[in-house]
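The structure under discussion is supplied below as structure tokens; questions concerning it will follow.
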Amino acid sequence: MAAIDPLTAGGVLLATALTDAVYVMFTSAVVARKRVPAATWSSIWYLLSSYAVISYTENWVYVAFAAIGSWLGAFASITFLHRPPGGPPIGAAPEI
């Protein structure tokens with residue numbers, strides 16, 4: 001087993017946390033049937049997740065950091081990005 005690089009571990013944790021938060025925004029935009037925001041969140045989602053996958057395929061131990069980041073991202077996005085009562089879903093573009 002290769003040594004764990006703290007910078008890579010932190011990067012994987014952060015990338016997966018952000019990936020989960022972005023996934024919530026993507027799902028919200030899809031539910032609101034907003035094509036451009038959904039497509040934009042989707043592209044950001046793949047950019048973030050590809051960094052994590054490329055990083056942790058180099059050393060399987062980074063999967064643990066990915067799992068922790070994923071949990072943190074989902075928890076934070078549900079905690080801090082809650083939908084206001086009666087308002088549009090988070091991540092949806094404003095009505096024009």
Side-chain angles (χ1 to χ4, degrees):
M1 181 166 87
I4 296 173
D5 176 20
L7 190 58
T8 300
V12 168
L13 189 139
L14 182 62
T16 54
L18 291 173
T19 298
D20 268 40
V22 166
Y23 179 72
V24 169
M25 303 295 273
F26 164 76
T27 303
S28 183
V30 169
V31 168
R33 300 183 55 83
K34 302 293 185 180
R35 292 179 293 180
V36 173
T40 302
W41 287 120
S42 180
S43 65
I44 294 168
W45 173 22
Y46 276 95
L47 286 172
L48 290 167
S49 63
S50 65
Y51 170 78
V53 169
I54 290 167
S55 296
Y56 70 65
T57 54
E58 147 189 331
N59 184 346
W60 67 269
V61 176
Y62 292 124
V63 173
F65 293 97
I68 294 166
S70 179
W71 191 95
L72 291 171
F75 183 84
S77 62
I78 297 301
T79 301
F80 300 112
L81 300 178
H82 64 280
R83 180 179 170 226
I90 300 297
E95 294 292 326
I96 299 175

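These values consider heavy atoms only, across backbone and side chains, with no hydrogens, waters or symmetry-generated copies. Remember, it's a predicted structure, so these values are computed and weren't measured experimentally.
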* Nearest heavy-atom pair of T16 and F65: which atoms, and what distance? -> OG1-O, 3.9 Å
* Heavy-atom closest pair, residues D20 and G73 ->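 Nearest heavy atoms, D20 then G73: CB-C, 3.8 Å.
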* Where do A21 and S77 come nearest, in terms of heavy atoms and distance? ->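 Shortest heavy-atom contact: CA-CB, 3.8 Å.
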* To do: Drop me the distance from L18's CG to S70's OG, to the nearest 0.5 angstrom.
  => 11.5 Å
* Same cluster for I68 and W60 if Ile/Leu/Val/Met/Phe/Trp/Tyr side chains link at under 4.5 Å? -> yes
* In terms of hydrophobic clustering (I, L, V, M, F, W, Y; side-chain heavy atoms under 4.5 Å; direct or indirect links), are V12 and L7 co-clustered? -> no
* With sequence neighbours left out, write down each residue that passes side-chain hydrogen bond (donor to acceptor under 3.5 Å, both in side chains) with S49, or none if nothing qualifies. =>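 Counting only residues at least two positions away or on another chain, S49 forms no side-chain hydrogen bond (donor to acceptor under 3.5 Å, both in side chains).
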* **Rounded distance [0.5 Å steps], OG1 in T19 versus CG in L14** =>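 Separation between the atoms: 9.0 Å.
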* Asked: Can you hop from V61 to V63 via hydrophobic side chains spaced under 4.5 Å?
  -> yes
* Asked: Transitively linked via ILVMFWY side-chain contacts under 4.5 Å: W41 with Y46?
  ->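 Yes, W41 connects to Y46 through the hydrophobic network.
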* Asked: Using the ring of each side chain (for Trp, its six-membered ring), is Y23 parallel, tilted or perpendicular to F26, with breaks at 30° and 60°?
  -> tilted
* **Atom pair OH (Y62) and CD1 (I4), whose distance is rounded to the nearest 0.5 Å** =>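 With rounding to 0.5 Å, OH (Y62) is 6.5 Å from CD1 (I4).
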* **V53 with W71, same ILVMFWY side-chain cluster at under 4.5 Å** =>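 V53 clusters together with W71.
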